[in-house]
Amino acid sequence: MNISPAHAPAPDLAALTAALGSLASAFDIRWVEECTSTNSVLLDAPPENDGRSHVLIAARQNAGRGRRGRQWLSWPGASLTFSVLWRFAPDAPAPAGLSLAVGLALARALEKLGTSSVTLKWPNDVLVHGAKIAGILVEVLPERTLTAVIGIGLNLRLPADVVIPESGAVTDLACELGELPALETLLAAILSELHPMLTTYASTGFALLRNAWQQRNAFANLPVRVSGEELDISGLCLGVDEEGVLLVRTDEGPRRVYAGDVSLRPAP
Ligand code: ATP
Ligand code: BTN
C-alpha cells in the first residue's frame, strides 16, 4: 500500500494547556515529527522523575508496536499515537489490570466526545460498534518502583483503501463522530480521564474499576475462544475478576486467564 504522507500539524501546546486546565501542570507534553515507537522512545530514555507524567506524541511512528510483537499501523494526520510514562508509588498494585483501566479511561473520553456504543475487548482494545478504534500497549520499566509506559494508538481518519493485516473490523473517530474534534480537545479529553483513572488504580488497583469495565465488556456472556501458545479454550465470557483476570466458563468449569500471551476472539 502506498499512502502519500499527510500533513500532521503539531498540537498547539498553549491550547492544550488551556484545555487541560488545572491538570496541565501534572503533565510534561512533547511532540515529535517522527520516531520508531513512542513506547520505545520512553522505555529507552525515560525522562527524569520530576513529579510529572511524561507524554510523548508522534506524528509518525515508523515501527509502531502492538502486543506480542505485532505491528501497529498509523499514518500522519490519520492516527493519534502517543505514550504516557507514569511512575507509581512504591506500594503500587501489580500492573496486571492496568491496560483495562486505561481502556476504561479511553472509553470514557470517547463517550464524552460524543461517541456511542464504545465497548472494551479484553485485555487492550477499544471498540466502537464492534470495530477496533484504538489499541493500548502497557510496558513496564525495571526501575526501583513500578514505572509504566502506556501507549495509545487511536484511529482518527484511516485512509480510504486501508487494509490492516490480521485484523477484524476497524473503525475511526471521523467515521463515528462525523467530524474530528481538534487534536488539543481530543488529547485533553483523554489525558483528563487518564489522570484520575491512574490515580485510582495506583491507590486501589483494579477492584473499584471492575464494574465499570464489566458494563462495557464487548463479549459479556458471549461465546469466546481464548488461545495462545500454551492455551486454547472456548466458553462463555464471564468478564474479569478484581485483578483484571479474564473469567471464562468452559464445559470443564470456570477458567481464569491472565493476559500474557493469549488472544480473545469471538467463538466461530
Ligand atoms: P489481541 O490483543 O486480542 O491479541 P489484537 O488483534 O487486538 O488481538 P493486538 O496485538 O492487541 O492484537 O493489536 C495488534 C493488531 O492490531 C495487529 O496485529 C493488527 O491486526 C491490528 N492493527 C494494527 N494497526 C491497527 C489500526 N490502526 N487499527 C486497528 N487495528 C490495527
Ligand atoms: C494493540 O492493539 O496491540 C496495541 C497498539 C498500541 C499502539 C500504540 S501507538 C503509541 C504506542 N507506540 C507503539 O509502538 N504502540 C503504542
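Numbering of ligands and ligand atoms starts at 1, following listing order.
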Answer yes or no for P165: is there a heavy-atom contact with ligand 1 below 4.0 Å?
yes
[X] and [Y] ion-paired at < 4.0 Å:
X    : Y    : value
R216 : E111 : yes
R65  : E139 : yes
E193 : K112 : yes

Honestly, for D125 the part within reach of ligand 2 (heavy atoms, under 4.0 Å) is side chain
The answer for which part of S83 has a heavy atom under 4.0 Å from ligand 2 is side chain
If you have a sec, work out which protein heavy atom is nearest [atom] and how many Å separate them, to one decimal?
atom                    : answer
atom 5 (C) of ligand 2  : W72 CE3, 3.4 Å
atom 3 (O) of ligand 2  : R67 N, 3.0 Å
atom 11 (C) of ligand 2 : T38 OG1, 3.4 Å
atom 2 (O) of ligand 2  : K132 NZ, 2.8 Å
atom 18 (O) of ligand 1 : R70 CD, 3.2 Å
atom 12 (N) of ligand 2 : Q61 OE1, 2.8 Å

Find all atoms of ligand 1 within a distance of less than 4.0 Å from any non-hydrogen atom belonging to [X], and give their numbers and elements.
X    : result
V170 : 29 (C), 30 (N)
D125 : 5 (P), 7 (O), 11 (O)
S263 : 1 (P), 3 (O), 4 (O)
N155 : 26 (C), 27 (N), 28 (N), 29 (C)
Q71  : 17 (C), 23 (C)

Pairwise side-chain contact, [X] with [Y], heavy-atom cut-off 4.5 Å (strictly under):
X    : Y    : answer
L56  : V32  : yes
L20  : I29  : yes
I190 : L186 : yes
P254 : V248 : no
V226 : L231 : yes

Under 3.5 Å, side chain of [X] to main-chain N/O of [Y], donor-acceptor pair present?
X    : Y    : answer
D125 : G135 : no
T204 : Y201 : no
T185 : P181 : no
S79  : T81  : no

Among R67, E166, R265, the residue with a heavy atom nearest to atom 8 (O) of ligand 1 is R265
In terms of its nearest heavy atom to atom 11 (O) of ligand 1, the top option of N124, L264, I136 is N124
What do you reckon, does [X] have a nitrogen or oxygen under 3.5 Å from a nitrogen or oxygen of ligand 1?
X    : value
I164 : no
W75  : no
W122 : no

Requested in this report: Output, in order, the C-alpha distance, side-chain angles, deciding distance and verdict of side-chain contact (heavy atoms from CB on, under 4.5 Å) for W86 and H54.
Outcome: CA-CA 7 Å; W86 186 276; H54 297 265; over 6 Å; no
Contact with ligand 2 for R68, non-hydrogen, under 4.0 angstrom: no
**Asked** Would you say R70 contacts ligand 2, with heavy atoms under 4.0 Å as the rule?
**Response** no
Do ligand 2 and R65 have nitrogen or oxygen atoms that lie under 3.5 Å from each other? yes
Notebook entry, point to check: Do any N/O atoms on T81 end up under 3.5 angstrom from N/O atoms on ligand 2?
Noted result: no
Run E176 and I133 through side-chain contact (heavy atoms from CB on, under 4.5 Å) and show every step you take.
CA-CA 10 Å; E176 300 300 332; I133 197 166; 4.3 Å; yes
Tested for side chain to side chain contact (heavy atoms under 4.5 Å, CB included) against L146, the lone hit among V140, D91, L141 is V140
G64 heavy atoms within 4.0 Å reach ligand 2 at atoms 14 (O)
In ligand 2, the atoms that come under 4.0 Å of a heavy atom of N124 are 1 (C), 2 (O), 3 (O), 4 (C)
